[in-house]
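So that the names make sense, note that chain A is the first sequence line, chain B the second, and so on, each numbered from 1.
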Number of protein chains: 2
Amino acid sequence: MSTPGRGLHGQVLDTLGPDITAGKYPPGSVLRTDELAQRFEVSRSVMREAVRVLESMHLVESRRRVGVTVLPECEWNVYDPQVIRWRLAGADRPRQLRSLTVLRSAVEPVAAGLAARHATSEQCAELTECALGMVANSRGHKLEGYLFHDVAFHRVILTASGNEMFARLGDVVAEVLAGRTHHDVMFEDPDPAAVTLHVQVAEAVRERDAERAERLTREITVGALQELDILAP
Amino acid sequence: MSTPGRGLHGQVLDTLGPDITAGKYPPGSVLRTDELAQRFEVSRSVMREAVRVLESMHLVESRRRVGVTVLPECEWNVYDPQVIRWRLAGADRPRQLRSLTVLRSAVEPVAAGLAARHATSEQCAELTECALGMVANSRGHKLEGYLFHDVAFHRVILTASGNEMFARLGDVVAEVLAGRTHHDVMFEDPDPAAVTLHVQVAEAVRERDAERAERLTREITVGALQELDILAP
DNA sequence: GGGAACAAAAAGTCAGATTTATTTGTCACA
DNA sequence: TGTGACAAATAAATCTGACTTTTTGTTCCC
């Protein structure tokens, strides 16, 4: 996944990024460039490049005479795919998954509604194909095959919405779905009701029924929220 | 706004970033570090830092023996606040505003529903205060005062939702609202119906009525969509 | 006790040398 | 003619050391 170690500075980030997002250095901690360069056995220039990237993610702030200060969590660019991966790999993975699932529950229904209006006929076909793939893999512990088509399905919806911001959430959704299948408990076959809903969403989009596509997708995301016990009592 | 020119590499980014996001260098264009360093009259090290930042935003890709390649728009980290600002400052500002407004319409209603469940009493008080501020500035061409309270209102909603991903959209919403007031036509006083809706949302949150808060906020965002002529025929 | 001058610390900048990976072209051999 | 290996060219990647600038804290004098 992603691009591990594209250059020395990338390798430094692969350790330093997760360390920071994991809270190893509490907000306000001060690091010094020279010290870091020594620790990672790289030149100062390489270390500076790494710091610049962390700075662009608002994970740290570099100030003269002070050093590289770790910023509080509320400043981080939590939409940066790299930051998301680092956080998902760390200890607060569960909390991160909850945040992302709530985001999904807000975005995907609207995206589905837009997809019903803007999807090309190719995208409609893709969608149907994905839904059928999900059905075909919904019984008999074929979880990987199911996941593959599930991810593809939601990617098509987000892309077909015609909104670039939605489209870019495809990777996030993929990460969340993969996380649910691999890390969390999902020994059993997927919920048949969920499978049916996906098929119906594909139908609704094909029939240009925006309202129905939105409502059905909302049911899917409500299910995702319930799996994580996120809901009102 | 933001932090212009934090170091030489920042100044380089202030021109190179907008240039790239404006499409001045079409996707696939190849830039060379040395050439750029000469053009901007900075050392190669500074140029490299700038390139690293652009690379972390997925605006460009740097490869040996090839150079710095500009990536297609679909690769960009469109949620990066810096990228958003650059694009809003450029020629496709209208398209960007539409994307962001659609995102708002998806996120804010859900955020309001969550805020009704999780808002602290201080946040409820803030919300009421903001709504009252909007009312007070809703007549007599007090657009700046209105904008100030409007931005604050939506920030509180997003923060009070308790979801960090939502909270981080505060700046985006601020940008969109400011854009509407300053750039687009808004000579007249704001729509009285919108003002009333804000007051009612504050009420709903205070009374912990999640469903009503969500529904009312959806009405607000539908209004925002209509202003930009984004809606079904 | 307050303000100005001074000193130290750390990031910021630059320039040159060197290394490394990738592409591209060439040449020999099948 | 095509294909493989090998060599050269190229531009990024890295390292190093010297120098600059800004900020902060201290000290000294009034």
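For A/Glu73, the CD atom is densely surrounded, since the number of other residues' heavy atoms within 6.0 Å is greater than 12. For CD of B/Glu75, the number of neighbouring non-hydrogen atoms (other residues, nucleotides, ligands) closer than 6.0 Å is greater than 12. Within 6.0 Å of CZ on A/Phe148 lie no more than 12 heavy atoms contributed by other residues, nucleotides or ligands.
Where A/Glu41 and A/Arg64 meet DNA chain D, the nucleotide closest to each residue was compared, and A/Glu41 sits on the side nearer the 5' end. Heavy-atom nearest nucleotides on DNA chain C were determined for A/Ser45 and for A/Gly67, and the one closer to the 5' end corresponds to A/Gly67.
The side chain of B/Thr33 places an N or O atom within less than 4.0 Å of a non-bridging phosphate oxygen (OP1 or OP2) of D/dA12. Considering only side-chain N and O atoms, B/Arg48 lies nowhere under 4.0 angstrom from the phosphate OP1 or OP2 of C/dC14.
Comparing C/dA21, C/dA9, C/dA11 by their nearest atom to the side chain of A/Arg65 picks out C/dA9. Listed nucleotides D/dA11, C/dT13, D/dC15 differ in distance to A/Ser43; the shortest reach to its side chain belongs to D/dC15.
We find that CG of B/Asp34 is positioned 11 Å from P of D/dA13, with the value rounded to whole Å.
A/Arg63 comes within 4.0 angstrom of sugar-phosphate atoms only, judged by non-hydrogen atoms across all strands, and of no base.
Counted by atom type alone, B/Ser45 and A/Ser45 present zero donor-acceptor pairs between their side chains at under 3.5 Å.
Under 3.5 Å, the side chain of A/Arg44 and the base of D/dG17 form at least one donor-acceptor pair of N or O atoms.
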